[in-house]
Protein chains: 2
Amino acid sequence: MEGKTVFKMTPQRAAILEYLDGNTSHPSAEDIYSAIQKKYPMMSFATVYNTLEALKAKGMLWELNIDDQRKRYDPNTKLHHHLICEKCRAVVDIFKDFDLTVPADIAQGFMITGKHVEFYGLCPDCAKNG
Amino acid sequence: MEGKTVFKMTPQRAAILEYLDGNTSHPSAEDIYSAIQKKYPMMSFATVYNTLEALKAKGMLWELNIDDQRKRYDPNTKLHHHLICEKCRAVVDIFKDFDLTVPADIAQGFMITGKHVEFYGLCPDCAKNG
DNA sequence: ACTCTTGTTAGAAACATTCTCATATTGGAA
DNA sequence: TTCCAATATGAGAATGTTTCTAACAAGAGT
């Protein structure tokens with residue numbers, strides 16, 4: 001019987017959790033890896049991906065497909081949305097609850113379980129310089 | 001002076017355009033490549049990507065980051081949103097205009113130029129079988 | 001101490017996407 | 001028509017991200 005497997009705490013995982021805690025930068029795996037490598041040079045990329053996968057499975061992390069080039073991770077799993085700078089790829093959180101009801105005749109029989117709004121634009125820095 | 005470069009029509013491009021015209025399946029580059037390869041076995045992957053890039057630059061195509069694994073392309077560039085099946089990755093269009101105004105105090109100085117809503121769920125087939 | 005489960009690591013592999021560059025085609029101009 | 005410069009193509013190499021492999025390590029419980 002499948003059962004939920006134990007999540008063992010290790011120094012590597014503690015470091016990843018510490019890095020993610022309260023982090024609103026929506027880091028990529030690479031970002032996480034390089035930040036933590038300073039402290040733990042032995043840390044492997046596989047461990048980063050394994051841990052992110054485990055956290056995602058426990059619902060403690062969102063995997064965002066917001067960036068053209070790589071996955072981004074968000075430790076805040078309370079319903080919210082995102083604003084993305086098309087120039088520097090900065091991502092910021094939008095905490096606002098939009099009314100997004102999809103009428104049945106438009107939902108085409110889908111069972112809707114989640115929603116996410118992406119806003120595109122330019123962040124203050126890029127708007128100034130570009 | 002940069003100027004917009006000419007878009008030369010070639011048999012390969014005609015085939016890609018024909019395949020995309022009215023296509024609501026949100027195909028990946030691979031999908032496009034294999035569909036067209038039946039007719040044009042000499043067609044190269046580079047050509048598919050080059051053409052998609054050119055069409056995107058002309059605003060005739062959207063590149064969608066809604067799939068974990070690969071980019072998906074949408075020839076319909078009229079404002080709309082998407083509903084994604086989390087099981088089979090099917091993507092369907094939602095033509096409904098949501099009111100998505102972001103108050104200035106929440107926009108954090110961003111200049112917002114676009115928006116896109118993703119709904120997640122299960123398509124009728126997957127809801128039935130899963 | 002022994003065992004079972006789970007986590008770690010380095011490196012290889014898989015995969016999507018982009019790049020290179022020699023060659024071929026296109027569409028307008030002569 | 002023929003010619004030409006710009007642009008497009010194709011095969012394969014290169015890149016970057018993510019996943020996989022397999023051997024080893026660490027923990028908890030017996």
Side-chain angles (χ1 to χ4, degrees), chain A residues 1-20 26-58 60-74 89 91, chain B residues 1-20 26-58 60-74 89 91:
Chain A
M1 53 178 85
E2 262 306 305
K4 42 198 67 175
T5 57
V6 182
F7 183 85
K8 293 191 178 177
M9 192 52 64
T10 64
Q12 293 88 338
R13 288 185 167 178
I16 293 175
L17 287 170
E18 188 197 349
Y19 177 75
L20 289 177
H26 307 81
S28 65
E30 165 75 35
D31 293 334
I32 298 169
Y33 174 71
S34 25
I36 291 174
Q37 236 209 354
K38 291 170 193 156
K39 254 190 181 171
Y40 297 90
M42 300 302 292
M43 154 83 80
S44 154
F45 239 114
T47 298
V48 174
Y49 280 109
N50 285 344
T51 301
L52 293 173
E53 178 60 35
L55 292 174
K56 188 175 65 165
K58 291 173 78 75
M60 296 170 62
L61 185 75
W62 281 358
E63 191 178 84
L64 305 177
N65 299 317
I66 273 184
D67 188 318
D68 268 26
Q69 329 258 299
R70 71 202 101 251
K71 290 178 184 159
R72 307 276 292 252
Y73 297 90
D74 191 337
R89 297 180 197 285
V91 176
Chain B
M1 53 181 87
E2 263 307 303
K4 43 197 69 180
T5 55
V6 182
F7 183 87
K8 294 190 177 181
M9 192 52 63
T10 64
Q12 294 88 336
R13 288 185 165 178
I16 293 174
L17 287 170
E18 187 197 352
Y19 177 75
L20 289 176
H26 308 81
S28 65
E30 166 75 35
D31 293 333
I32 298 169
Y33 174 71
S34 22
I36 290 173
Q37 235 207 356
K38 292 171 193 156
K39 250 189 183 171
Y40 296 88
M42 301 302 292
M43 154 84 76
S44 155
F45 240 113
T47 297
V48 173
Y49 279 109
N50 284 344
T51 302
L52 293 174
E53 178 60 36
L55 292 174
K56 187 174 63 163
K58 289 173 80 74
M60 296 170 62
L61 185 74
W62 281 358
E63 191 177 83
L64 305 177
N65 299 317
I66 51 189
D67 189 317
D68 268 25
Q69 327 258 298
R70 71 202 102 252
K71 291 178 184 158
R72 307 274 293 251
Y73 297 89
D74 192 336
R89 297 180 198 285
V91 176

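Here the structure is a predicted model, which is why all the values come from computation and not from measurement. Below, chains carry the letters A, B, ... as their sequence lines are ordered, and counting in each starts from 1.
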Can you tell which of [options] lies closest to the side chain of [X]?
X: B:Thr51; options: D:dT9, C:dA10, D:dA11; result: D:dT9
X: A:Asn50; options: C:dT8, D:dA5, D:dT9; result: C:dT8
X: B:Met42; options: D:dG10, D:dT17, C:dT9; result: D:dG10

How many whole angstroms separate atom [atom1] of [X] from atom [atom2] of [N]?
X: A:Arg89; N: D:dT17; atom1: CZ; atom2: C1'; value: 13 Å
X: B:Asp31; N: C:dA16; atom1: CG; atom2: C1'; value: 13 Å
X: A:Lys58; N: C:dT6; atom1: NZ; atom2: P; value: 12 Å
X: A:Asp67; N: C:dA16; atom1: CG; atom2: P; value: 18 Å
X: A:Met43; N: C:dG7; atom1: CE; atom2: P; value: 14 Å
X: B:Tyr33; N: C:dT18; atom1: OH; atom2: P; value: 16 Å
X: A:Leu52; N: C:dG7; atom1: CG; atom2: C1'; value: 15 Å

For this session: Look at all strands and tell whether A:Glu30 reaches a base, only sugar-phosphate, or nothing, counting heavy atoms closer than 4.0 Å.
Result: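 No contact at all - A:Glu30 keeps every heavy atom at 4.0 Å or more from the nucleic acid.
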Exercise. If you take atom types as modelled and just measure distance, does the side chain of B:Lys8 reach the base of D:dA6 with a donor-acceptor pair under 3.5 Å?
Worked result: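 Side chain to base: pair found, below 3.5 Å.
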Tell me whether the side-chain N/O atoms of [X] come closer than 4.0 Å to OP1 or OP2 in [N].
X: A:Lys71; N: D:dT19; answer: yes
X: B:Arg13; N: D:dT9; answer: yes
X: B:Thr10; N: D:dT9; answer: yes
X: B:Ser44; N: D:dG12; answer: no
X: B:Gln12; N: C:dT25; answer: no
X: B:Tyr49; N: C:dT17; answer: yes

For this session: Determine whether A:Asp67 and A:His26 make a side-chain contact, defined as any pair of heavy atoms from C-beta on separated by less than 4.5 Å.
Result: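 They are not in side-chain contact.
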Exercise. Can you check whether B:Asn65 reaches B:Lys71 side chain to side chain, under 4.5 Å on heavy atoms?
Worked result: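 Touching, per the 4.5 Å side-chain cut-off.
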For this session: Keeping the roles fixed (side chain from A:Arg13, backbone from A:Thr51), state whether a donor-acceptor pair exists under 3.5 Å.
Result: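 Side chain of A:Arg13 to backbone of A:Thr51, a donor-acceptor pair under 3.5 Å: no, none is there.
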Exercise. Is the closest side-chain donor-acceptor distance between B:Asp31 and B:Ser28 under 3.5 Å?
Worked result: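 Distance-only check passes for B:Asp31 and B:Ser28.
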Exercise. Between A:Pro11 and A:Arg72, which has a closest nucleotide on DNA chain D that is more 5'?
Worked result: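 That would be A:Arg72.
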For this session: Could you check A:Glu53 against B:Phe45 and say which one's nearest nucleotide on DNA chain D is further toward the 5' end?
Result: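 By nearest-heavy-atom nucleotide position, the 5'-most residue is B:Phe45.
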